[in-house]
There are 2 protein chains.
Amino acid sequence: MALTDDAIARIRSMIQSGELPPGTRLPPEPQLAAQMGLSRSGVREAVKVLESARVLDVRRGDGTYVTSLAPRLLLQGLGVAVELLRDDTLLEVMEVRRILEPMATGLAALRMTDADLDELGQILEDMRAAADDAEKLIQFDTAFHHTVIATTGNETLTSLLDGLSGRTLRARVWRGLIEGNAAHKTIDEHHAIYLALRSRDQLLAQASALIHVNTSEAWLRTVLAAKTAEG
Amino acid sequence: MALTDDAIARIRSMIQSGELPPGTRLPPEPQLAAQMGLSRSGVREAVKVLESARVLDVRRGDGTYVTSLAPRLLLQGLGVAVELLRDDTLLEVMEVRRILEPMATGLAALRMTDADLDELGQILEDMRAAADDAEKLIQFDTAFHHTVIATTGNETLTSLLDGLSGRTLRARVWRGLIEGNAAHKTIDEHHAIYLALRSRDQLLAQASALIHVNTSEAWLRTVLAAKTAEG
DNA sequence: AACGCAGCAAACGTCCGATGTCTCTATAGT
DNA sequence: ACTATAGAGACATCGGACGTTTGCTGCGTT
């Protein structure tokens, strides 16, 4: 299998070299096919791969364009990859989060603005109000952490952590939390993080984030153990 | 655009739900097409996307199989994504490495075996011997860090850091190092990390790794600045 | 002159059928 | 029992055709 993969590599190479900068429009499929010496079918497969990687943006009836190549786009694939990881490797993901999230939260403590803090406080209130709705809890939990990390101003870091905290993973943790009547404790942990951030205390923010990740990991272990037992 | 993307989502969903566990062989393309209500062309595009994500393994003349879904496979895409990031976001990547690599190296200090240390010492010797060959320096540098991180036993963490330390990024840093006559200094930094690991000193390992990443980042800044100036 | 609408051309989406090439396996022969 | 070979099955690639969407152009109206 060489033709299609060659085409993928060649297009990617042209983008990486700057020959096709963001926003560039690619030649129409038939022309591109002729240019690369393969049929339109092959080109379509290649383009589809790059589109799924958010490298190309295909607009029907219009044409195919190079995306902005922003980290938030290119790192989006990490999320779907994590979703497919098997149960026995989820603890590895948690170990990475255990490293990344506290440090990132510590950074956020230094860089956060008052407006950011207000937004965070609002999310916290929403979370307390939704204490009975698992679906909303997960949603606000996601928003809380995303907001914190985003204030670091590092889009790559934010996208990476977003990907590592996939929806399925979060849902499992919250399932454990709720069934174990530990939802309120976890909300308190969010509050602790919020207080540390508000006082711009880097070390305290870091510590409270670590404790929070640790709690999540513990409940994930519980959920995984329960599943193993019943399976 | 719905048919092909639906097919991608549906296959992915079947894998995530466990309906198609690792190693499973998918139905032949024509049959899969009929089953999902679209043409063989559409199925091929869908399969190609999942193959590029290392979710499926297509063997010509044989059939299509679900891969092991191991982190090392699924997170491989991170590498190519990072390779496509634009220059102004590479510093963001370095900030993530600045967080991840020292902590991981610290973990390695706790978990490393004598055999691991011997292997590391060998790589270090090779690096010193290759001090004039940029290509080999990059190769041994990559091997050094990969070996260290791999001893944490966390395949997810290892794959993530491998992806963040793409070949292009490393090559640029080393270009700066060599042109700035700082190659020997960097090799010494590797030696410092090695010594810290050999004495199983977590904090020292962490600190020496941070210093090393910091040096890399500094030279990357230099290279990027030079490029901006000449461009 | 400015605005709006219809129609046209270009480009992607999907399908179909045919042919090439590679793998695996089962069979026949030694 | 082993090996070589022939066949079937599966993916790789191609070429063309038709549908659908989008963007633009030019005409007509105000």
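Letters A, B, ... mirror the listed sequences (proteins, then strands); counts begin at 1.
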May I ask you to decide whether A:Arg59 forms a salt bridge with A:Asp57, counting only side-chain N to carboxylate O separations under 4.0 Å? yes

Select from A:Gly61 and B:Gly61 the residue whose nearest nucleotide in DNA chain D is closer to the 5' end of that strand. B:Gly61

Would you mind checking if A:Asp116 and A:Arg111 are paired as a salt bridge, meaning a charged N to carboxylate O distance below 4.0 Å? no

Rounded to whole angstroms, how far apart are CG on A:Leu26 and P on C:dA10? 19 Å

Aromatic ring pairing A:His212/A:His145, orientation class (parallel under 30°, perpendicular over 60°, tilted between): parallel

Side chain of A:Arg60 only, heavy atoms from C-beta on: which candidate in C:dT14, C:dC12, C:dC22 is closest? C:dC12

Rounded off to whole Å, could you give me the CG-to-P distance for the A:Asp57 and D:dT22 pair? 13 Å

Whole angstroms only, please: what is the CG-P distance between B:Leu3 and C:dC12? 18 Å

How many whole angstroms separate atom CZ of B:Arg59 from atom P of C:dC24? 8 Å

Contact list please: residues 62-70 of chain A against DNA chain C, heavy atoms, distance less than 4.0 Å, in numerical order. A:Asp62, A:Gly63, A:Thr64

Around atom CZ of A:Arg170, are there more than 12 heavy atoms from other residues, nucleotides or ligands closer than 6.0 Å? yes

Donor-acceptor contact present, side-chain A:Ser165 to main-chain A:Asp162, <3.5 Å: no

Residues of residues 29-47 of chain A with any non-hydrogen atom less than 4.0 angstrom from an atom of DNA chain C: list those, numerically ordered, please. A:Glu29, A:Arg40, A:Arg44

Got a salt bridge between A:Glu45 and A:Lys48, using NZ or NE/NH1/NH2 to carboxylate O under 4.0 Å? no

Would you kindly give the NZ-to-P distance between B:Lys48 and D:dA12, to the nearest whole Å? 7 Å

Between the side chains of B:Asp5 and B:Arg10, is the shortest nitrogen-to-carboxylate-oxygen separation below 4.0 Å, so that they form an ion pair? no

N/O donor to acceptor pairs below 3.5 angstrom from side-chain atoms of residues 131-138 of chain B, sequence neighbours left out:
{"residue": "B:Asp133", "atom": "OD1", "partner": "B:Glu135", "partner atom": "N", "Å": "3.0"}
{"residue": "B:Asp133", "atom": "OD1", "partner": "B:Lys136", "partner atom": "N", "Å": "3.3"}
{"residue": "B:Glu135", "atom": "OE2", "partner": "B:Arg167", "partner atom": "NH2", "Å": "2.3"}

